[in-house]
Amino acid sequence: MASLRRNNATRGTIDTSRPIGEGAFRVVYKGHYTKGEREGQPLVAKWFKTGVVFESRFYSEDIRAVDKAQVWTFVESSERAGQKHLVEPYIEDFCKFNSNTGVVFDQHDAWSQAMQALSHYSYHASGGSYVLCDLQGGMTDEGMTLTDPVILSRSGTRAYGATDLSLDGISTFFARHRCTKFCQSHWQQPRHQAIYFPAARGTTFM
Ligand SMILES: [Zn+2]
């Protein structure tokens with residue numbers, strides 16, 4: 001069981017008997033909210049495997065990129081008491097549309113094509129400062145809900161954390177991007193496009 005450290009306090013329970021997903025650094029478990037406006041609805045909780053060095057930094061950076069995710073802390077009675085984890089609503093039929101190295105999934109699917117255009121548009125709309133990518137999610141009552149995106153930033157300071165692959169990441173993303181029917185021809189693209197990162201289906205950390 002976990003409790004929230006914010007004003008709109010709520011609670012949930014997590015089935016820790018087996019993860020529903022596992023990445024290079026994190027494990028994902030399912031549970032449900034037991035208190036608050038989402039009471040009864042399913043949730044996912046994610047935390048780091050032991051020994052991941054950038055863990056503490058990641059929680060604040062991930063929150064900067066993902067508004068709906070919340071950092072919760074396990075309650076005293078839990079075997080993980082006091083430890084942090086990310087909690088967000090569970091999404092049915094979860095799928096990934098692109099990665100932060102520009103790999104495209106299901107390129108013939110209209111939703112995927114729209115998501116490739118969204119990444120391209122984010123670069124155009126920010127005047128070439130950012131690319132919103134690693135787009136993944138699924139359909140909910142509110143429409144297409146995206147979770148866990150990555151922001152690549154031009155500044156070179158990796159302002160958005162370990163998954164912000166900076167200028168080389170933006171260059172790599174566009175080297176693999178093929179405009180879809182949802183992209184517009186006047187949208188900006190970086191002049192320099194070259195591949196600096198291997199084509200990874202998962203999320204690349206630096
Ligand atoms: Zn495009």
Side-chain angles (χ1 to χ4, degrees), residues 21 23-26 28 44 46 54 58 60-69 86 88-206:
F25 302 100
R26 291 196 286 184
V28 184
V44 287
K46 307 169 184 181
F54 47 79
F58 195 88
S60 56
E61 286 164 350
D62 217 22
I63 290 306
R64 214 183 296 166
V66 190
D67 197 33
K68 273 194 179 172
L86 283 177
E88 59 190 44
Y90 174 78
I91 296 171
E92 298 282 351
D93 301 323
F94 190 90
C95 48
K96 185 154 180 165
F97 303 107
N98 62 26
S99 74
N100 64 339
T101 52
V103 173
V104 173
F105 301 87
D106 299 325
Q107 56 180 321
H108 300 297
D109 173 70
W111 267 114
S112 177
Q113 291 169 3
M115 293 300 136
Q116 309 318 318
L118 175 60
S119 290
H120 187 169
Y121 179 73
S122 67
Y123 180 82
H124 175 74
S126 65
S129 296
Y130 306 109
V131 175
L132 181 71
C133 56
D134 223 46
L135 298 179
Q136 54 207 302
M139 293 302 290
T140 65
D141 295 345
E142 298 160 331
M144 175 59 73
T145 298
L146 299 174
T147 181
D148 264 357
V150 165
I151 296 172
L152 306 175
S153 65
R154 184 172 58 183
S155 67
T157 57
R158 289 171 53 211
Y160 293 91
T163 57
D164 177 355
L165 305 177
S166 301
L167 200 53
D168 287 352
I170 292 176
S171 186
T172 302
F173 187 91
F174 275 95
R176 295 200 171 103
H177 175 76
R178 296 290 170 268
C179 282
T180 71
K181 62 185 174 191
F182 299 104
C183 294
Q184 293 187 18
S185 55
H186 71 276
W187 288 353
Q188 286 180 45
Q189 291 205 28
R191 215 170 299 157
H192 179 67
Q193 299 179 16
I195 290 173
Y196 294 96
F197 297 95
R201 297 171 67 83
T203 308
T204 299
F205 291 73
M206 207 163 66

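Order of appearance sets the numbers: ligands from 1, and atoms from 1 within every ligand.
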Q.
I'd like to check the side-chain contact (heavy atoms from CB on, under 4.5 Å) partners of Tyr130; sequence neighbours left out, ordered by chain and number.
A. Ser126, Ile151, Ser153, Tyr160

Could you pull out all donor-acceptor pairs under 3.5 Å where a side-chain atom in residues 179-189 meets a protein atom, sequence neighbours excluded?
unit_1	atom_1	unit_2	atom_2	d
Thr180	OG1	Gln113	O	3.0
Thr180	OG1	Phe182	N	3.2
Gln189	OE1	Gln193	NE2	2.9

Q.
Return all protein N, O or S atoms below 2.8 Å from the Zn ion (ligand 1), chain by chain in residue order.
A. His120 ND1, His177 NE2, Cys179 SG, Cys183 SG

Q.
Which residue is it: Val131, Leu132, Thr203? I am looking for the one with a side chain to side chain contact (heavy atoms under 4.5 Å, CB included) to Asn100.
A. Thr203

Q: Compute the ring centroids of Phe174 and Tyr123, then answer whether they are less than 6.0 Å apart.
A: yes

**Q.** Side-chain donor-acceptor contact under 3.5 Å, Asn98 with Ser119
**A.** yes

Q: Would you mind listing every side-chain hydrogen bond (donor to acceptor under 3.5 Å, both in side chains) that reaches into residues 166-179, with sequence neighbours excluded?
A: His120-His177

